[in-house]
Amino acid sequence: MSVLRVGNASGFYGDRFSAMREMLTGGELDVLTGDYLAELTMLILGRDRLKDPEAGYARTFLRQLEECLGLARERDVRIVANAGGLNPAGLADAVRALADRLGIPVRVAHVEGDDLGAAHPGALAAHAYLGGFGIAACLRAGADVVVTGRVTDAALVTGPAAAHFGWAPTEYDRLAGAVVAGHLLECGAQATGGNYAFFQDGDVRRPGFPLAELHADGTSVITKHDGTGGFVDVGTVTAQLLYETGGARYAGPDVTARLDTVRLGQEGPDRVRVEGVRGEAPPPTLKVGLNRLGGFRNEVAFVLTGLDIEAKAALVREQLEPALGKIADVRWELARTDRPDAATEETASALLRLVVRDADQQVVGRALSGAAIELALAGYPGFHVLAPPGKGAPYGVFEDVYVPHGAVDHVAVLHDGRRVSVAPPPAQDTVVLAHVPEPRLPQPLPPGPVRRAPLGLVAGARSGDKGGDANVGVWARTDDAWRWLAHELTADRFRELIPEARELPVTRHQLPNLRALNFIVEGILGEGVAAQARFDPQAKALGEWLRARHLDIPESLL
């Protein structure tokens, strides 16, 4: 059958508004997807729905459709998005109303069944990660627009691919290839040079959004529309492939994709072929993301300028100690951004950050803000803060649990109102996840002179969050650099380079086909991004910090 061209127009709720129009007008497409959901987004939508039961979906998607629905119809492009969030049925109705108002005949379907809130009454949002076969059922029945709630990000691609090529649920290699393509598209411009370690290799001022040319055997080519910014090469694709993944087995509700089998090749300018992907039966359980309100949070950043930074910080802590005694969680962090003999006041200053959390808003609100501001004329010399502390804001906590496939009623609600149940995989067609044995290390480089230098001169990295854990994918650009990296960057060395990880479990996974290592750092993000437990709550820059650390690197690599 023909190639299926699937594009992406959104990597998160708030991504480039014009991307939908750009993708529809920039070149040929069969399906346009949009990923609007993340762990934090589900919490935000949950809070929206507390105020308005009719809310709970990504309203930006509707505004984009207002100017693009006619374009999609004219170009015969189907739209598949998880913008339904907590209320996919409500969004489907809103899209129908929009289409009627615009006078555009559109068949709208949606997927539901992910909401498990009834089984988790203490959660603000509890949603299972569904697979792509509900989307496939909607498309096979003729839907032009399919909206979903919490499906896996890759399901936005596996669903259209299964519908187009007629794949059965047990065609694991083909499905795994589509999962990898979906993972490469899901974060939008991250596959085309955005957030890329070697961003200076091309013009990334306004990267275009990616698309995948999918084939019936599960292979694909990752590319972008001609004339758009950014670039697509083996490096940008490798970086996105490592993003927010774990070991060699990348589990999903439809299939477990073996990331250690992926082969990438530069097919031409802005074209990377993805092939060799093997798939295995999915695990017997589905992941369920639970979001709940954890309490209230407040923070203040004291600016310490000039001399005696450590002593000034100690004075603030002593002065505020009486006001902090009743607070459940108190965290201080001193960022030494100051320089000696600085030419500007800003570069002469350090930041002392105080973050507090408690179940009682009053404790972290006025009680703290009053005590902090009262120091304005009674504190260290040069006392001021970046902004006065507020009254205390609610924060969220994320955790994941797992349920059997049968605990979820996965339903495709077709454009004509018919409800089609999506059967879970039979128990005999599931396999409990197990670690893949670590592959043999490559031959080390021969001994030679070394130079103290940043890791980033020979390796790229990309990092992200998964609940309270972080992953850091690190890859080498040459075979020799890989031979050195695989031996040098052990889990213990990672802990040495990233002091925050020294007391935490760190697991290293090898992916030799990609010349890559993937590190999982458990617990470094506390209770997840919404809890904002650290300076970089989503670990977005953890990989860049690692690349900036110095090691003894063979001179032959520099």
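One is the number of the first residue; the rest follow in order along the sequence.
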* Dump the intermediate steps for side chain to side chain contact (heavy atoms under 4.5 Å, CB included) on Glu522 and Thr507, then the final yes or no. => CA-CA 8 Å; Glu522 297 180 33; Thr507 306; 4.3 Å; yes
Is there a side chain to side chain contact (heavy atoms under 4.5 Å, CB included) between Arg292 and Glu399? Walk through the geometry before answering.
CA-CA 9 Å; Arg292 59 182 175 82; Glu399 64 176 313; 4.1 Å; yes
- Can you list the steps and then say if Arg73 with Asp144 is a salt bridge (Lys or Arg N to Asp or Glu O under 4.0 Å)? CA-CA 8 Å; Arg73 255 325 252 167; Asp144 302 303; 3.4 Å; yes
Practice item. Before giving the answer on side chain to side chain contact (heavy atoms under 4.5 Å, CB included), spell out for Arg273 and Leu264 the whole-Å C-alpha distance, their side-chain angles and the decisive distance to 0.1 Å. Key: CA-CA 6 Å; Arg273 178 166 291 280; Leu264 305 177; over 6 Å; no
- Item | side chain to side chain contact (heavy atoms under 4.5 Å, CB included) between Thr245 and His183, intermediate numbers included | CA-CA 10 Å; Thr245 58; His183 178 61; 3.5 Å; yes
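Between Arg462 and Glu544, no side-chain nitrogen of the basic residue sits less than 4.0 Å from a carboxylate oxygen of the acidic one, so the salt-bridge criterion is not met. Salt bridge status for Arg419 with Glu112: present, with a side-chain N to carboxylate O gap under 4.0 Å. Salt bridge status for Glu28 with Arg75: absent, with no side-chain N to carboxylate O gap under 4.0 Å. With respect to the salt-bridge test (charged N to carboxylate O, under 4.0 angstrom), the residues Arg5 and Asp30 do not qualify. Residues Arg271 and Glu213 are paired through a salt bridge, judged by an N-O separation under 4.0 Å between the basic side chain and the carboxylate. The pair Asp469-Lys466 does not meet the salt-bridge criterion, since no charged nitrogen lies less than 4.0 angstrom from a carboxylate oxygen. Taking the charged nitrogens against the carboxylate oxygens, Arg63 and Glu66 have no contact shorter than 4.0 Å, which rules out a salt bridge. The pair Asp260-Arg263 fails the salt-bridge criterion, with no side-chain N (NZ, NE, NH1 or NH2) lying under 4.0 Å from an Asp/Glu carboxylate O. In this structure, Asp201 pairs ionically with Arg477, as a charged nitrogen and a carboxylate oxygen lie closer than 4.0 Å.
With hydrogens and angles ignored, the 3.5 Å screen pairs a side-chain donor or acceptor of Thr223 with a backbone N or O of Asp270. Proximity of a side-chain donor or acceptor of Asn87 to a complementary backbone N or O of Ala55 within less than 3.5 Å is detected. Arg174 places a side-chain N or O within donor-acceptor distance of the main-chain N or O of Ala216, the cut-off being under 3.5 Å. Listed for the Asn291 side chain is no donor-acceptor partner under 3.5 Å among the backbone atoms of Met42. Proximity of a side-chain donor or acceptor of Ser463 to a complementary backbone N or O of Ala539 within less than 3.5 Å is detected. Panel note: side chain Asp114, backbone Arg150; a donor-acceptor pair is recorded below 3.5 Å. Of the possible polar contacts, one joining the His405 side chain to the Pro283 backbone as a donor-acceptor pair under 3.5 Å is found. The backbone N or O of Gly467 lies less than 3.5 Å from a partner atom in the side chain of Glu39, making a donor-acceptor pair. Listed for the Gln266 side chain is a donor-acceptor partner under 3.5 Å among the backbone atoms of Gly268.
Listed by chain and residue number, nothing satisfies the ring-ring contact (aromatic ring centres under 6.0 Å, His included) test with Tyr243 (two or more places apart in sequence, or in another chain). Applying the ring-ring contact (aromatic ring centres under 6.0 Å, His included) criterion to Phe209, with sequence neighbours excluded, gives no partner residue. Residues forming a ring-ring contact (aromatic ring centres under 6.0 Å, His included) with Phe231 (at least two apart in sequence, or on another chain): Tyr196.
Residue Val179 comes nearest to Ala257 through the heavy atom pair CG1-CB, 4.2 Å, listed as atom of the first residue, atom of the second, then distance. Considering all non-hydrogen atoms of both residues, Trp475 and Ala461 come closest at CZ3-N, 3.2 Å. When every heavy atom of Leu525 is checked against every heavy atom of Asp536, the shortest pair comes out as CD2-O, 4.0 Å. The minimum heavy-atom distance between Asp429 and Tyr172, with the atom names listed, is O-OH, 3.5 Å. In terms of heavy atoms, Gly208 sits closest to Thr228 at CA-CB, 3.8 Å. Heavy-atom minimum distance, Gly247 versus Leu259: O-CD1, 3.9 Å.
Counted within 6.0 Å of CZ on Arg278, heavy atoms from surrounding residues, nucleotides or ligands total 12 or fewer; the atom is thus considered open. No more than 12 heavy atoms of other residues, nucleotides or ligands shown are found within 6.0 angstrom of CZ on Arg47. Remark: Phe535 CZ is loosely packed, at most 12 non-hydrogen atoms of other residues, nucleotides or ligands lying under 6.0 Å away. Heavy-atom neighbours of Asp416 CG from other residues, nucleotides or ligands within 6.0 Å: above the threshold of 12. A 6.0 Å sphere centred on CG of Asp226 holds no more than 12 heavy atoms belonging to other residues, nucleotides or ligands. Counted within 6.0 Å of CD on Gln428, heavy atoms from surrounding residues, nucleotides or ligands total more than 12; the atom is thus considered enclosed.
Inter-residue side-chain proximity for Leu286 and Val408 is flagged as met; some heavy-atom pair is nearer than 4.5 Å. The shortest side-chain heavy-atom distance between Cys138 and His110 does not fall under the 4.5 Å cut-off. Side chains of Leu69 and Val106 form a contact here, defined as non-hydrogen atoms less than 4.5 Å apart. You'll find the side chain of Gln64 stays beyond 4.5 Å of the side chain of Arg21, heavy atoms only. Taking the side chain as every heavy atom from C-beta outward, Leu102 and Asp100 never approach each other to under 4.5 Å. Within the 4.5 Å cutoff, no side-chain heavy atoms of Val431 are placed close to those of Thr256. Contact of the Val111 side chain with the His410 side chain is registered, since non-hydrogen atoms from C-beta on lie closer than 4.5 Å. Side-chain contact between Glu244 and Asp465 is present, with heavy atoms from C-beta onward closer than 4.5 Å.
Cation-pi contact between Lys287 and Tyr402: absent, since separation from the ring centre below 6.0 Å together with deviation from the ring axis within 45° is not met. Cation-pi geometry between Arg59 and Tyr57 is met: under 6.0 angstrom from the ring centre, within 45 degrees of the axis.
If you check the side chains of Asn195 and Gln190, you find a donor sitting under 3.5 Å from an acceptor. Judged purely by distance below 3.5 Å, without hydrogens or angles, the side chains of Asp35 and Asn8 never pair a donor atom with an acceptor atom.
In this structure, the separation between CG on Leu242 and CZ on Phe519 is 11.0 Å, given to the nearest 0.5 Å. Separation of atoms CG (Asp52) and CD (Glu54) is listed at 6.0 Å; rounding is to 0.5 Å. Here the straight-line distance linking atom CG of Leu214 with atom CZ of Phe165 works out to 6.0 Å at 0.5 Å rounding. To the nearest 0.5 angstrom, Thr152 atom OG1 is 6.5 Å from Asp254 atom CG. Note that CD1 of Ile44 and OH of Tyr13 are 8.5 Å apart. Values are rounded to the nearest 0.5 Å. Separating the NE2 atom in His127 from the CG atom in Leu45 is a distance of 9.0 Å, to the nearest 0.5 Å.
In this structure, Phe12 has its ring center no closer than 6.0 Å to that of Tyr36.
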